[in-house]
Amino acid sequence: MDPKSPRATDASSQVDLTVDMAGLKLRNPVMTASGTFASGREYADFLDLSRLGAVVTKGVSLEPWAGNASPRIAETASGMLNSIGLQNPGVEAFVARDLAWLAGHDVPVIVNVSGHTVKEYAAVVERLDAEPSVAGMEINISCPNVDAGGMAFGTDCTAAAEVTRAARAVTGKPLIIKLSPNVTDIADIARAVEAAGADAVSLINTVLGMSIDARSRRPRLARTVGGLSGPAIKPVALRMVWQVASAIELPVIGMGGVRTAEDAVEFMLAGATAVAVGTASFVDPTATIRVIDGLESFCQETGVAHVSDLTGALVL
Amino acid sequence: MDPKSPRATDASSQVDLTVDMAGLKLRNPVMTASGTFASGREYADFLDLSRLGAVVTKGVSLEPWAGNASPRIAETASGMLNSIGLQNPGVEAFVARDLAWLAGHDVPVIVNVSGHTVKEYAAVVERLDAEPSVAGMEINISCPNVDAGGMAFGTDCTAAAEVTRAARAVTGKPLIIKLSPNVTDIADIARAVEAAGADAVSLINTVLGMSIDARSRRPRLARTVGGLSGPAIKPVALRMVWQVASAIELPVIGMGGVRTAEDAVEFMLAGATAVAVGTASFVDPTATIRVIDGLESFCQETGVAHVSDLTGALVL
Amino acid sequence: MCSTDIHERRPVLEHVEVMANDRLAQGVGLLVMRAPRIAASVEPGQFVHLRISMGTDSILRRPFSVHRVVGDTIEVLYQVLGRGTRDLAGKRRGDAMDAIGPLGHGWKVEPGVAHALLVAGGLGAAPLGMLAEDLAGRGVAVSVALGAPTAERLVARALFERVARRVELATDDGSAGEAGFVTSVSARLLERDLPDIVCVCGPEIMARRVAEQAADAGVRCLVSLERLMACGVGACLSCVVTTKSGRLRACVDGPVFDAEEVVWDGSEVPPRH
Amino acid sequence: MCSTDIHERRPVLEHVEVMANDRLAQGVGLLVMRAPRIAASVEPGQFVHLRISMGTDSILRRPFSVHRVVGDTIEVLYQVLGRGTRDLAGKRRGDAMDAIGPLGHGWKVEPGVAHALLVAGGLGAAPLGMLAEDLAGRGVAVSVALGAPTAERLVARALFERVARRVELATDDGSAGEAGFVTSVSARLLERDLPDIVCVCGPEIMARRVAEQAADAGVRCLVSLERLMACGVGACLSCVVTTKSGRLRACVDGPVFDAEEVVWDGSEVPPRH
Ligand SMILES: Cc1cc2nc3c(=O)[nH]c(=O)nc-3n(C[C@H](O)[C@H](O)[C@H](O)COP(=O)(O)OP(=O)(O)OC[C@H]3O[C@@H](n4cnc5c(N)ncnc54)[C@H](O)[C@@H]3O)c2cc1C
Ligand SMILES: Cc1cc2nc3c(=O)[nH]c(=O)nc-3n(C[C@H](O)[C@H](O)[C@H](O)COP(=O)(O)OP(=O)(O)OC[C@H]3O[C@@H](n4cnc5c(N)ncnc54)[C@H](O)[C@@H]3O)c2cc1C
Ligand SMILES: Cc1cc2nc3c(=O)[nH]c(=O)nc-3n(C[C@H](O)[C@H](O)[C@H](O)COP(=O)(O)O)c2cc1C
Ligand SMILES: Cc1cc2nc3c(=O)[nH]c(=O)nc-3n(C[C@H](O)[C@H](O)[C@H](O)COP(=O)(O)O)c2cc1C
Ligand code: FES
Ligand code: FES
């Protein structure tokens with residue numbers, strides 16, 4: 001069916017796709033992954049945003065960030081590296097332009113937040129807390145593409161907890177902490193942010209990687225290293241979602257290589273309450289809708305009445 | 001050319017493919033990755049073992065290990081998971097059967113060593129030290145597929161150093177420590193084993209991952225989790241080789257998704273002295289030979305007189 | 001021929017050319033490949049390890065029994081399950097692939113055997129085709145118990161009917177032979193024909209049942225087992241079968257095992273869906 | 001037509017069918033695709049984002065300028081560089097792909113322009129084909145400076161010679177036109193023809209040189225820039241060009257930029273080899 005038209009069948013469908021996630025009631029468990037969907041405007045040509053579980057925006061910081069030099073991407077086997085470096089116009093421009101636009105689209109908006117310091121994170125969260133159209137916030141403590149802040153907070157329990165506490169102090173809205181896979185024990189970090197007051201965790205952010213051009217002898221990314229995403233990392237993401245979901249009580253948003261409805265089901269079986277589609281949108285701008293429709297068919301075919309029955313239903 | 005016949009051109013070739021690695025003089029920098037080539041006998045139908053830089057054997061432990069239940073593998077996007085669990089007949093049977101066979105094949109033999117405890121590692125190293133046909137040993141402190149030992153030693157600096165010291169105490173032969181990618185900072189571990197007396201490090205072992213069958217709701221591996229290898233992990237491996245080579249003085253053996261000569265060049269540019277071919281041998285049993293021949297052509301075409309000139313020659 | 005030591009016939013890496021690829025039934029096809037070197041040395045029960053696609057996203061070969069040899073071609077009977085077999089179904093005459101083979105230890109039916117019972121469930125017929133022809137050629141009386149979901153899926157029926165003394169059928173839906181499992185047929189034939197040996201291939205639960213029937217009847221039983229395989233040549237230990245002598249590799253120590261040796265521990269390939 | 005606001009012509013995801021795919025020179029091909037919706041709305045300088053293969057190992061689309069529109073087909077001139085373009089070269093009549101387009105801001109040549117100089121290096125001719133036809137149709141006098149390594153690689157020469165008032169050539173080996181760089185030709189034409197605007201596309205070092213020549217001559221210059229692109233629609237920020245107003249996205253804010261705005265900081269696509 002046309003991904004741009006709202007589904008006439010939604011009401012009559014026997015499958016209940018809605019999920020409750022950290023106090024949010026979502027139409028379905030499929031969100032966009034931060035940084036792969038901007039604020040949705042660019043994809044509105046291809047799909048009806050109101051069909052999504054939620055739009056998760058590109059990372060927003062206190063001041064405008066210029067990001068890294070180009071080239072910023074490199075294709076790898078079943079994956080890609082990026083080193084965008086959180087280029088964004090700053091929270092004020094974001095609120096004025098992107099959020100205002102998104103507010104008219106009948107879809108929960110989760111704003112992804114970046115910062116160089118705990119203070120900066122908290123300032124952005126506080127600013128966004130004042131905006132009624134912000135449904136929740138996702139705190140990115142796992143970006144491998146910035147020097148200060150970013151992943152440094154996500155690879156250390158104390159720092160991760162500190163950012164979480166600071167954000168928690170200034171918002172009552174659903175607070176999601178986005179975890180880094182570049183750690184020895186991701187469950188440890190998850191426990192730390194749970195104790196510090198997070199409402200949910202999302203994982204995984206990209207895996208730190210590198211690509212080299214053998215002939216020119218240069219790294220393919222101007223920044224030398226970048227973050228690996230796409231189907232290549234799905235096994236790592238599934239493992240980490242399973243580890244984290246087994247370790248904490250909070251809902252988990254699973255991502256990393258989700259491309260099809262079966263991928264989404266696998267993440268939910270591993271313990272995810274919701275999933276996010278990232279890199280897959282680049283090759284197919286309607287990937288999110290394909291996953292949503294596919295989830296519904298999967299549930300129908302396999303006799304799953306409520307999609308959330310899949311969460312944690314892995315048979316060991 | 002036929003990978004089974006020795007190269008008539010080796011002598012007259014202008015490119016010097018030999019490398020010095022931890023006191024070993026290798027014919028070329030291309031080895032087999034432990035566990036993907038058994039002890040070479042199975043591949044002798046397809047290639048001339050004496051053309052290889054070295055044969056690195058499957059992991060050997062003090063007593064026979066039965067390994068994990070089946071299924072032990074699952075294919076993933078551009079990769080595979082394995083949870084073999086170091087099944088092996090124990091060091092005595094290995095020496096009697098595999099080593100005796102290998103000794104007649106004019107190729108340096110590096111024996112990969114596993115253990116549940118520091119004592120067990122040391123006992124195997126000591127036993128192998130007595131065998132003249134053992135050119136060197138690679139200590140696997142990074143296997144994600146065993147409960148005791150294995151990766152536990154590779155994710156902690158103190159434990160990694162302890163295993164290294166214990167092995168160092170009982171052998172004067174080249175001692176390679178095989179590092180795990182499942183850590184926050186692999187350079188830290190590398191520095192620890194360097195200080196503890198290692199002669200070289202090899203990396204990466206497999207990345208801990210998981211695969212789920214959406215329909216049966218079961219993990220595809222009997223052991224639930226396993227190690228990811230193949231082209232999917234190459235970007236992660238390159239990044240880690242680069243980090244480690246920048247952090248320590250020891251030679252680095254790079255591996256993780258090497259399939260072509262260009263892949264090998266990339267690892268060398270990132271800082272590797274030698275490379276190992278693993279999963280690629282499964283789809284093409286002559287992959288090692290293709291990489292060796294391709295390296296020679298690459299050097300010829302790009303005017304590299306000595307292959308080791310590529311090591312660390314990344315242009316930033 | 002079946003007692004030839006496999007080590008005298010080493011596997012080769014051979015470029016093969018597709019000569020024909022025909023759909024036999026819903027999701028089942030017969031692939032004919034020109035593979036002179038493998039055709040010249042393969043024995044019943046051995047397999048080839050096929051590189052179906054050259055991309056990097058599917059990085060493992062896929063194992064298939066050699067169903068028949070005709071001149072310098074080998075035939076493979078395949079069922080479409082996932083991406084490998086889907087790609088295989090798309091191959092056309094003239095397409096090239098590469099194959100490693102012949103691999104594994106096949107059926108060891110000693111010269112003294114006068115009567116053999118072959119039991120095949122579904123695609124389990126694949127490795128039994130060459131065996132039936134070979135035994136018939138050696139003057140062994142062959143009975144076959146053949147089962148499948150439907151009559152259409154009894155894909156090797158014609159071959160067996162040509163060479164076997166007796167072929168009895170079972171289908172899930174009763175569209176051919178008796179309605180039910182092939183294990184009822186095998187039980188009946190075991191009792192009636194008193195074979196010297198039973199050779200079985202099919203879903204592991206069915207093979208195990210037949211092995212038990214044979215053991216009860218005091219008849220030697222050989223079983224061909226499937227495991228997920230990476231290397232196919234004995235190097236990676238991904239394909240082990242638990243036996244009384246430890247975990248053995250299906251690719252070189254099997255795929256045919258003496259049923260008495262097998263420890264049925266549920267380590268089979270996850271069920272197809 | 002070139003001044004139409006792009007936001008009135010939104011991109012679509014269209015299934016396209018290959019009508020022809022011809023080799024023009026060593027490593028260069030011309031692909032003709034039936035794409036009625038894109039053909040109906042594309043403007044000179046815009047591009048399509050092609051999904052060349054359906055596997056998962058190559059997970060990004062590849063951007064290609066629309067070289068010409070003929071009826072409901074679009075033409076793409078491509079050079080084989082890596083696996084995407086290699087797969088593209090293998091497409092045959094009847095093959096299906098999907099395309100997102102039309103994308104980006106094309107050449108904005110105002111109505112007042114009487115004489116335009118087009119400068120193309122190698123495959124830089126691709127996005128200039130439609131522009132030359134369009135300008136000529138609007139009665140603008142068009143001069144073209146066209147460079148390539150060899151005469152054979154001057155792949156769009158015939159098109160330009162058909163519609164332009166003057167086409168001057170440069171080849172590295174002197175096999176057509178003058179031996180040397182196209183920048184010598186552009187310098188000469190700038191001086192001699194005193195164009196109102198220069199439109200340039202080619203390797204970034206060459207485009208930059210032409211931009212400098214135009215600036216020195218006080219002539220407005222538009223340049224089409226290439227960046228590695230993931231989404232192609234403005235969402236991922238992988239394709240930024242450094243400009244005086246910050247880092248802008250080549251896919252939606254470009255690929256055609258006012259040369260005055262561009263900060264040449266070496267952030268181009270790594271050189272082809
Ligand atoms: C020695 C040997 C001989 C074989 N001979 C034949 C033969 O002659 N004809 C034939 O059709 N098949 C044969 N098989 C099985 C065949 O190898 C698999 O069906 C094939 O590899 C599936 O590949 P795929 O990419 O299509 O499926 P995948 O995408 O790999 O898997 C799809 C689904 O099928 C299941 N599956 C995969 N492999 C097997 C298997 N071996 N058995 C059961 N389920 C499996 C998976 O668990 C998964 O659920 C043989 C296997 C072995 C080990
Ligand atoms: C807006 C736009 C329009 C374009 N129009 C055309 C066109 O009309 N015709 C055409 O042939 N190409 C065009 N390109 C370039 C084309 O997209 C690339 O050549 C193509 O993506 C290469 O894909 P590949 O898989 O073959 O190469 P890859 O395997 O991705 O790369 C192989 C080698 O080529 C280099 N490379 C990759 N992309 C580019 C690039 N964009 N420019 C220079 N080097 C590159 C890589 O760095 C690498 O060294 C355009 C690019 C953009 C951004
Ligand atoms: C181009 C690109 C930009 C990204 N930007 C962000 C970001 O701003 N904030 C963030 O938390 N994650 C960011 N990510 C990470 C994704 O949200 C996601 O965690 C990751 O890509 C794994 O999912 P995937 O494999 O589906 O892409 C980005 C990923 C990509 C590919
Ligand atoms: C089936 C399999 C078995 C392995 N067994 C061992 C082992 O016994 N000891 C070890 O140190 N590494 C083992 N490894 C890891 C490889 O040596 C190598 O580090 C890893 O596979 C990455 O390289 P690749 O991508 O080229 O396969 C094994 C890998 C595979 C796929
Ligand atoms: S498949 Fe590798 S040992 Fe059997
Ligand atoms: S390619 Fe994604 S923003 Fe331009």
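What's counted below: heavy atoms across the whole structure, side chains too, no hydrogens, waters or symmetry copies. Labels below follow one simple rule: chain letters A, B, ... track the order of the sequence lines, proteins then strands, and each chain is numbered from 1.
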With a 4.5 Å cut-off on heavy-atom pairs, point out which of [options] contacts chain A the most.
| options | result |
| --- | --- |
| B:L310, B:N182, B:D263, B:V241 | B:N182 |
| B:A77, B:A264, B:A214 | B:A214 |
| B:D185, B:L316, B:I233 | B:L316 |
| B:G79, B:P231, B:P219 | B:P219 |
| B:V265, B:L238, B:V183 | B:V183 |

Is [X] close to chain A through its backbone or its side chain, or both, or neither, when contacts mean heavy atoms under 4.5 Å?
| X | value |
| --- | --- |
| B:V236 | both |
| B:T224 | side chain |
| B:A222 | neither |

> Is it true that A:R215 and B:E301 have a side-chain N and a carboxylate O under 4.0 angstrom from each other?
Replying inline: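 Salt bridge between A:R215 and B:E301, a charged N being under 4.0 Å from a carboxylate O: yes.
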Taking side chain as everything from C-beta outward and backbone as N, CA, C, O, which of these in [X] sits under 4.5 Å from a heavy atom of chain B? Side chain, backbone, both or neither.
| X | value |
| --- | --- |
| A:T155 | both |
| A:A270 | both |
| A:L314 | both |
| A:F298 | side chain |

> Are any non-hydrogen side-chain atoms of A:Q243 and B:L208 less than 4.5 angstrom apart?
Replying inline: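 Side-chain contact under 4.5 Å: yes.
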> Are B:V315 and A:S216 side-chain neighbours, meaning at least one heavy-atom pair lies under 4.5 Å?
Replying inline: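 When only atoms from C-beta onward are counted, A:S216 and B:V315 do not touch, as no gap falls below 4.5 Å.
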> Any idea which heavy atoms bring B:A232 and A:L228 closest together, and the distance?
Replying inline: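 Closest heavy-atom pair between B:A232 and A:L228: O-CD2, 3.8 Å.
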> Can B:W242 and A:I212 be said to form a side-chain contact (heavy atoms from CB on, under 4.5 Å), step by step?
Replying inline: CA-CA 11 Å; B:W242 181 67; A:I212 294 173; over 6 Å; no
